[in-house]
Amino acid sequence: MSAPVDHALAQSAAQLAWNTARALRAGDLHRARRDCEEALRRAEAAGHPAGAASVRTTLGRILLAQGELAAATRCLEQALEAHRAGGRDRLVALTQLALADTDRTRGEPDAAIGRLIEAATAFVRSGEVTYEAGANLQIGAAHHAAGRLDAAQRHTELALGVARGARDEALIASCTVRLAALHHERGRRQAAQRLLADANRHYHAAGDLPGELGCRLGLVRLSLERGGPHRAEGDLRDEAEAIVDALEPLGDPWALGAACSTLGAVLGARGDRLAYTALARADRLLHHHPTHHVLPAIDQGWLDLALGDRDAALDRFGAVPTAALGSVTVRLALAGLRHRLASP
């Protein structure tokens, strides 16, 4: 016979898990991880395996956000196995959404799509339209990573329609960011800029600080690309530095690394050798990312151009490994530098 469940301890674990969700929305990954690990300890001590598996799904998401890809994958796979064994279809689907993020982070979009189709099908059966829309949004992101832009746009617009109907500000924002990236990759930078500004407003309404900071960072890059080096003076530097400062306490090394790399591009475009410092920090933060580790080297191309070394900037393209091109972020960084090279 299995030991009886300690319901009081299980309830305290559930309360901590709820606190974790609030910390995640606020972007406080350090607190979220602390609360989540304690919730897992309590759920296991209470003899509540279903509760423990549910907490593992959340903990896996946190570990991924903190750049611990291998640990996140192990945690999520443990959760998935337990959810399947318990016949908890909804939690299987939610865990598959998180595992799809690990696949995309590794540059494996087609592996992600298989998981996402399973999740979307489960949400259709349960009638959870906003979760279904979230799965469709991720399918769109996976198609985008694989270079299938038309399929990506179809899935993203489908998700956006549902998000607007549900008045889900965070989901509207996420869909709008994806559409902005699609426009950006197609060279429609002005449209992408408008969409990112719109997404930023929705993230603000949702109280999603990491989402807001991501939009602001995208707007800095688009302004840099559209305006050339002279637009990098003053305001763009101040904004890039403010984003780095705001990301510092949130505990997301990969988001911080991307911001430092963008700051390096902004400084580099004006010929400021402080770019080397920002890019060196970005390199340390992104070193273990499966694809984004190439961003600082790409962004150093802005400094190459400002210092008159066009050949060095051109060499940046050939140095990017093929596997990294499965990242939309990497492709957009290359497109921005290519656009600058083509400008008078």
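Computed over heavy atoms, backbone and side chain alike; hydrogens, waters and symmetry mates excluded.
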Can you see which heavy atom on [X] is nearest to which on [Y], and at what distance?
X      : Y      : result
Ala53  : Arg88  : CB-NH2, 4.0 Å
Ala323 : Thr291 : O-CG2, 3.9 Å
Leu213 : Ile243 : O-CG2, 4.1 Å
Ala43  : Gly51  : CB-C, 4.1 Å
Ala191 : His183 : CB-ND1, 4.1 Å
Ala206 : Ala170 : CB-N, 3.8 Å

Can [X] and [Y] be counted as having a side-chain donor-acceptor contact under 3.5 angstrom?
X      : Y      : result
Ser327 : Arg104 : no
Thr262 : Arg221 : yes
Arg186 : Gln153 : yes
Ser174 : Tyr203 : yes
Ser223 : Glu239 : no
Thr130 : Asp168 : no

Check for me, please, whether [X] and [Y] land in the same ILVMFWY cluster - side-chain distances under 4.5 Å, paths through other members count.
X      : Y      : value
Ile172 : Leu179 : yes
Leu149 : Leu195 : yes
Val330 : Leu217 : yes

Ion pair check, [X] and [Y], cut-off under 4.0 Å:
X      : Y      : answer
Arg316 : Asp304 : yes
Asp35  : Arg31  : yes
Arg84  : Glu118 : yes
Arg201 : Glu169 : no
Glu37  : Arg41  : no
Arg56  : Glu44  : yes

Original post:
So Arg148 and Asp110, salt bridge (Lys or Arg N to Asp or Glu O under 4.0 Å) or not? Walk me through it.
Top reply: CA-CA 11 Å; Arg148 297 184 287 265; Asp110 289 327; 2.6 Å; yes
Output the distance between atom [atom1] ([X]) and atom [atom2] ([Y]), rounded to the nearest 0.5 Å.
X      : Y      : atom1 : atom2 : answer
Asp299 : Leu337 : CG    : CG    : 8.0 Å
Thr277 : Leu267 : OG1   : CG    : 9.0 Å
Cys215 : Leu196 : SG    : CG    : 5.5 Å
Leu69  : Arg106 : CG    : CZ    : 4.0 Å
His184 : Thr329 : NE2   : OG1   : 10.5 Å

Any heavy-atom pair between the side chains of [Y] and [X] that's under 4.5 Å?
X      : Y      : answer
Val220 : Leu236 : yes
Asp283 : Leu295 : no
Cys260 : Leu256 : yes
Ile113 : Gln138 : no
Leu279 : Trp302 : no
Thr95  : Glu77  : no
Thr121 : Ile117 : yes
Pro296 : Leu286 : yes

**OP:** May I have the step-by-step check of salt bridge (Lys or Arg N to Asp or Glu O under 4.0 Å) for Arg42 and Glu38, ending in yes or no?
**Re:** CA-CA 6 Å; Arg42 292 185 190 182; Glu38 176 59 18; 2.8 Å; yes
Original post:
Given the rule in the salt bridge (Lys or Arg N to Asp or Glu O under 4.0 Å) test, do Glu225 and Arg340 qualify, once you have shown the distances and angles that lead to the verdict?
Top reply: CA-CA 6 Å; Glu225 291 173 21; Arg340 176 69 191 98; over 6 Å; no
Donor-acceptor under 3.5 Å ([X] side chain, [Y] main chain):
X      : Y      : answer
Thr102 : Leu99  : yes
Arg331 : Leu325 : yes
Thr105 : Asp101 : yes

Subject >> Inter- and intrachain pairs under side-chain hydrogen bond (donor to acceptor under 3.5 Å, both in side chains), touching residues 241-252, at least two apart >> reply: Arg237-Glu241, Glu248-Arg281
Original post:
Among pairs that include at least one residue of residues 132-159, which meet ring-ring contact (aromatic ring centres under 6.0 Å, His included), considering only residues two or more places apart or in two chains?
Top reply: His143-His155
**OP:** Could you name each residue pair satisfying ring-ring contact (aromatic ring centres under 6.0 Å, His included) that touches residues 244-272, not counting sequence neighbours?
**Re:** Trp254-His289
**OP:** Go through the steps to decide whether Leu182 and Val328 satisfy the test side chain to side chain contact (heavy atoms under 4.5 Å, CB included), and finish with yes or no.
**Re:** CA-CA 9 Å; Leu182 285 162; Val328 173; over 6 Å; no
Original post:
Any chance NE2 of His339 has more than 12 other-residue heavy atoms, nucleotides or ligands included, within less than 6.0 Å?
Top reply: yes
**OP:** Show your reasoning for whether side chain to side chain contact (heavy atoms under 4.5 Å, CB included) applies to Gln96 and Leu116.
**Re:** CA-CA 7 Å; Gln96 288 286 49; Leu116 293 166; over 6 Å; no
Subject >> Derivation of the side chain to side chain contact (heavy atoms under 4.5 Å, CB included) call for Phe123 and Leu97 >> reply: CA-CA 11 Å; Phe123 292 135; Leu97 290 183; 3.9 Å; yes
**OP:** Give the C-alpha distance, both sets of side-chain angles, the deciding distance and a yes or no for side chain to side chain contact (heavy atoms under 4.5 Å, CB included) between Leu171 and Leu137.
**Re:** CA-CA 9 Å; Leu171 186 54; Leu137 174 60; 4.1 Å; yes
